[in-house]
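See structure below.
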Amino acid sequence: MKPTNYQQVREIFEKLVPKKIERKELAQAFSDLILHAHAVGPRSWQVTAARDHISLNVGPLELLVLWKEHMFCNLRKTENRL
C-alpha cells in the first residue's frame, strides 16, 4: 500500500468513525503515536489507507490499524523502539 495524502485519510477516517467524539479521541491516539515515531526517526513512519481501514506503520510494523468496527494496536516491546 502506498502512503496516502491527508485529505484521503480524513475522508476514510470520517467514514470509519462517524461519531465526532470517538473520532477526536482516536485522532489524538494516532497523533500521539506519530509524534513518538517521528521523534525516533522522522522517516521511519507513514500512514496508509484503504477503503476499509487506516494504518500507522513504523518501520516494517503496522503499529495501529483502524477498521469500522475494531482497532488493532501492536504493543510488542522492541529495544529502543516504539
Side-chain angles (χ1 to χ4, degrees):
M1 208 174 329
K2 66 178 184 167
T4 311
N5 76 43
Y6 171 80
Q7 187 59 35
Q8 289 173 314
V9 172
R10 181 179 178 182
E11 290 170 7
I12 294 168
F13 193 68
E14 288 175 353
K15 289 177 186 174
L16 294 176
V17 188
K19 292 183 181 178
K20 189 174 183 178
I21 188 76
E22 292 173 359
R23 197 167 53 240
K24 183 177 179 181
E25 291 174 8
L26 286 169
Q28 186 63 54
F30 264 91
S31 176
D32 291 346
L33 288 169
I34 288 169
L35 289 173
H36 287 292
H38 195 78
V40 171
R43 300 181 76 180
S44 68
W45 65 274
Q46 67 178 356
V47 174
T48 56
R51 274 188 234 158
D52 65 341
H53 72 279
I54 296 173
S55 300
L56 171 58
N57 310 299
V58 179
L61 182 70
E62 280 188 313
L63 183 63
L64 188 66
V65 184
L66 175 67
W67 291 273
K68 186 158 183 83
E69 299 294 327
H70 60 282
M71 179 175 69
F72 168 78
C73 185
N74 188 338
L75 299 175
R76 182 183 68 161
K77 184 178 179 181
T78 58
E79 196 172 313
N80 297 325
R81 300 286 178 195
L82 293 174

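Shortest non-hydrogen contact noted between F72 and E62 is CE2-O, 3.8 Å. Scanning both residues, R23 and P18, for their nearest heavy atoms gives NH1-O, 3.2 Å. For the residue pair A37 and S44, the shortest heavy atom distance occurs at O-OG, 3.4 Å. Here the closest non-hydrogen pair linking Q7 and N5 is N-OD1, 3.0 Å.
Considering only heavy atoms from C-beta on, L26 comes within 4.5 Å of M71 through its side chain. At least one side-chain heavy atom of V47 sits under 4.5 Å from a side-chain heavy atom of I34.
Grouping the Ile, Leu, Val, Met, Phe, Trp and Tyr side chains by contacts below 4.5 angstrom, directly or via other members, places I12 with L56. Follow the hydrophobic side-chain contacts under 4.5 Å out from V65 and you never reach L63; the two are in separate clusters. If you chain together hydrophobic residues whose side chains sit under 4.5 Å apart, V9 and L16 fall into the same group.
Under a 3.5 Å cut-off, the side chain of K68 and the backbone N or O of K15 do form a donor-acceptor pair.
Taking the six-membered ring for Trp and thresholds of 30 and 60 degrees, F30 and F13 have ring planes more than 60 degrees apart, a perpendicular arrangement.
The CD1 atom of I54 sits 10.5 Å away from the CD atom of Q8 when rounded to the nearest 0.5 Å. To the nearest 0.5 Å, atom CG of residue L33 and atom CG of residue L64 are 6.0 Å apart.
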